[in-house]
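The block underneath contains the structure these notes are about, expressed in structure tokens.
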Amino acid sequence: MTQAPESLNLSVNDATKKSLDRDCTTLSRHVLEQMHSFGAEAQDLSAVMNRIALAGKLIARRLSRAGLMEGVLGFSGDINVQGESVKNMDVYANDVFISVFKQSGLVCRLASEEMEAPYYIPENCPIGRYTLLYDPIDGSSNTDTNLSLGSIFSLRQQQGDDKDQTASDLLTNGHKQIAAGYILYGPSTMLVYTMGNGVHSFTLDPSLGEFILSEENIRIPNHGSVYSVNEGNFWQWEESMREYIRYVHRTEGYTARYSGAMVSDIHRILVQGGVFLYPGTIQKPEGKLRLLYETAPLAFVIEQAGGRATTGLVDILDVVPKKLHQRTPLIIGSKQDVAKVESFIQNGH
Ligand code: AHM
Ligand code: MG
């Protein structure tokens with residue numbers, strides 16, 4: 001038998017070692033590395049992220065077989081607190097996040113787009129634990145056509161004992177978020193998160209059932225060619241927004257992309273640059289998207305990647321909501337592109 005040269009042996013071993021290292025950089029290990037600690041808080045946050053990942057895996061599994069199962073697609077027949085028709089997948093995904101945190105002793109309250117009031121988990125939950133705010137299915141209109149969807153999450157520390165169960169301590173600005181991110185259900189399932197120390201993406205490896213690190217410290221380009229907005233609302237907007245759209249129409253180098261699920265549109269922008277807009281209309285100046293579990297977590301991610309997020313007048317992370325389901329307009333993405341939209345809103349050019 002011919003002996004392989006020593007250098008070749010070495011390089012094969014190095015490559016194997018590298019891929020093994022990569023396969024072992026799971027989400028929970030990454031959170032611990034980010035915290036530079038193995039203390040109680042780091043262990044807790046790692047466990048919380050691990051359970052969010054489990055919710056993502058359960059939702060991804062159901063979506064991947066949706067066309068083969070009864071009762072997964074279509075509407076549930078209910079109307080949610082936002083006045084929107086609820087889909088079966090919205091109900092399932094909402095329950096999944098509750099189920100993964102039951103008895104965990106980590107998250108004691110959950111607030112979501114689908115529930116009028118927060119859901120309390122009193123069992124095994126000491127004061128000062130975490131609250132999870134989430135949108136179980138972002139872009140639910142894409143569910144029945146097998147297109148990309150997302151889940152959005154934001155973690156905050158409970159302030160006070162909330163004895164009257166009003167959750168008024170949640171009505172604070174977005175800088176109070178401890179962690180935030182999203183899960184993107186696309187051709188592969190990805191989890192993107194920040195804990196205030198950069199933005200990191202993970203891809204679900206179905207053969208392992210684990211989210212494995214794809215990219216650390218993602219930086220959003222300062223400018224991109226994409227603008228992402230529902231232009232069907234053109235005549236409902238203020239004139240300044242219409243003027244911005246006329247500007248991109250007549251300026252070379254812009255291209256439109258809009259999927260109906262902002263997690264996937266914003267993920268594209270995180271990677272390639274550009275701007276996503278969901279402005280208010282003359283009738284509804286507050287827009288469609290909710291602050292605490294949609295715009296603030298996405299703003300935290302994009303700002304951590306070096307981008308910006310604003311209502312057009314105020315940075316999203318500075319907005320203090322008056323109620324749990326408060327809406328805000330959203331302009332988010334590359335610094336230069338957000339500034340361009342702002343210049344139209346604030347100065348009319
Ligand atoms: P949802 O959480 O109820 O699905 O609403 C949020 C979604 C975003 O993902 C998407 O960008 C937007 O609503 C689409 O709304 P529209 O159809 O008005 O453009
Ligand atoms: Mg939503």
Side-chain angles (χ1 to χ4, degrees), residues 55-56 59 63 66 73-76 78-94 96-97 110-116 132-154 180-186 190 192 226-237 241 245 256-270 274-302 309 311 316 321 324-333 341:
I59 295 166
L63 287 172
L73 302 177
F75 291 95
S76 73
D78 296 321
I79 303 287
N80 71 9
V81 55
Q82 329 282 345
E84 298 155 348
S85 298
V86 176
K87 298 219 143 177
N88 287 324
M89 253 335 274
D90 292 322
V91 179
Y92 175 81
N94 193 61
V96 162
F97 277 93
L110 297 102
S112 101
E113 178 175 329
E114 302 302 332
M115 302 186 288
E116 185 154 11
L132 186 80
L133 294 124
Y134 65 110
D135 179 0
I137 296 285
D138 165 70
S140 33
S141 75
N142 284 4
T143 316
D144 294 344
T145 46
N146 191 27
L147 294 170
S148 289
L149 297 163
S151 298
I152 307 171
F153 59 88
S154 163
Y182 56 80
I183 302 158
L184 168 60
Y185 310 101
M190 291 193 87
V192 175
V226 166
Y227 73 100
S228 186
V229 65
N230 184 347
E231 285 193 51
N233 295 329
F234 189 85
W235 289 107
Q236 274 78 58
W237 293 329
M241 192 50 58
I245 295 300
R257 292 284 183 274
Y258 192 75
S259 74
M262 97 177 131
V263 162
S264 70
D265 289 327
I266 292 179
H267 185 71
R268 181 206 301 275
I269 286 165
L270 170 68
V275 62
F276 175 92
L277 310 100
Y278 208 109
T281 59
I282 295 166
Q283 297 268 323
K284 282 189 173 176
E286 71 282 10
K288 172 183 182 184
L289 304 169
R290 278 64 40 137
L291 178 70
L292 285 169
Y293 43 82
E294 291 183 317
T295 63
L298 293 169
F300 191 17
V301 169
I302 293 296
T311 65
I316 292 284
L324 189 62
H325 298 290
Q326 181 159 322
R327 296 172 196 259
T328 54
L330 177 66
I331 296 141
I332 188 167
V341 182

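For ligands, and for the atoms within them, numbers begin at 1 and follow the listed sequence.
- Each of the following atoms of ligand 1 lies closer than 4.0 Å to a heavy atom of S140: 4 (O).
- Ring geometry for Y258 versus F276: interplanar angle under 30°, hence parallel rather than tilted (30 to 60°).
- Within the 3.5 Å criterion, the main-chain N or O of S259 finds a donor-acceptor partner in the side chain of D265.
- Looking from atom 18 (O) of ligand 1 to the surrounding protein, the closest heavy atom is Y278 OH, 2.5 Å.
- Inspection of the Y134 and N94 side chains reveals an N or O donor paired with an N or O acceptor under 3.5 Å.
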Next on the checklist: Show, in sequence, the C-alpha distance, side-chain angles and deciding distance for V86 and F75, and conclude whether the side-chain contact (heavy atoms from CB on, under 4.5 Å) test is met.
Outcome noted: CA-CA 6 Å; V86 176; F75 291 95; over 6 Å; no
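- Here the closest heavy-atom approach between residue W237 and residue E231 is recorded as CH2-CA, 4.0 Å.
- Near F276, the atoms of ligand 1 lying under 4.0 angstrom from a non-hydrogen atom of the residue are 11 (O).
- Residue-ligand proximity, M262 to ligand 1, at heavy-atom distances under 4.0 Å covers atoms 8 (C), 9 (O), 10 (C), 11 (O).
- Looking at R290 and E84, a side-chain N of the basic residue comes within less than 4.0 Å of a carboxylate O on the acidic one, giving a salt bridge.
- Near N230, the atoms of ligand 1 lying under 4.0 angstrom from a non-hydrogen atom of the residue are 16 (P), 17 (O), 18 (O), 19 (O).
- Residue E84 approaches ligand 1 through these ligand atoms, each under 4.0 Å from one of its heavy atoms: 3 (O).
- When each of V341, L330, I332 is tested with L277 by the rule side chain to side chain contact (heavy atoms under 4.5 Å, CB included), just one qualifies, namely V341.
- Closest heavy-atom approach to atom 9 (O) of ligand 1 within the set D138, N80, I137: this belongs to D138.
- The residue Y293 has no part lying near ligand 1, judged by heavy-atom distances below 4.0 Å.
- Using modelled atom types, one finds no donor on one side chain facing an acceptor on the other under 3.5 Å when comparing T311 with T328.
- Looking only at heavy atoms of the protein, atom 10 (C) of ligand 1 is closest to G260 O, 3.5 Å.
- The protein non-hydrogen atom at the shortest distance from atom 19 (O) of ligand 1 is Y258 OH, 2.6 Å.
- Numbered from 1 in the order shown, with element, the atoms of ligand 1 that lie under 4.0 Å from a heavy atom of A261 read 9 (O).
- A donor-acceptor pair is defined here as one N or O able to donate and one able to accept, closer than 3.5 Å; such a pair exists between the side chain of N80 and the backbone of G83.
- Under a 3.5 Å cut-off, the side chain of D144 and the backbone N or O of G74 do form a donor-acceptor pair.
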Checklist entry - Under the side-chain hydrogen bond (donor to acceptor under 3.5 Å, both in side chains) criterion, do S264 and Y185 qualify, and how do the steps go? => result CA-CA 8 Å; S264 70; Y185 310 101; over 6 Å; no
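- Note: an N/O pair closer than 3.5 Å links G139 and ligand 1 by distance alone.
- Among E113, K288, K87, the residue whose heavy atom sits closest to atom 15 (O) of ligand 1 is K288.
- Counting atoms of ligand 1 from 1 in the listed order, those under 4.0 Å from a heavy atom of E294 are 2 (O), 6 (C).
- The backbone N or O of Y293 lies less than 3.5 Å from no partner atom in the side chain of S154, so there is not a single donor-acceptor pair.
- Pairing each heavy atom of I137 with each of T143, the nearest pair is CG2-OG1, 4.4 Å.
- Around the Mg ion (ligand 2), protein N, O or S atoms at a distance under 2.8 Å total 3; waters are neither shown nor counted.
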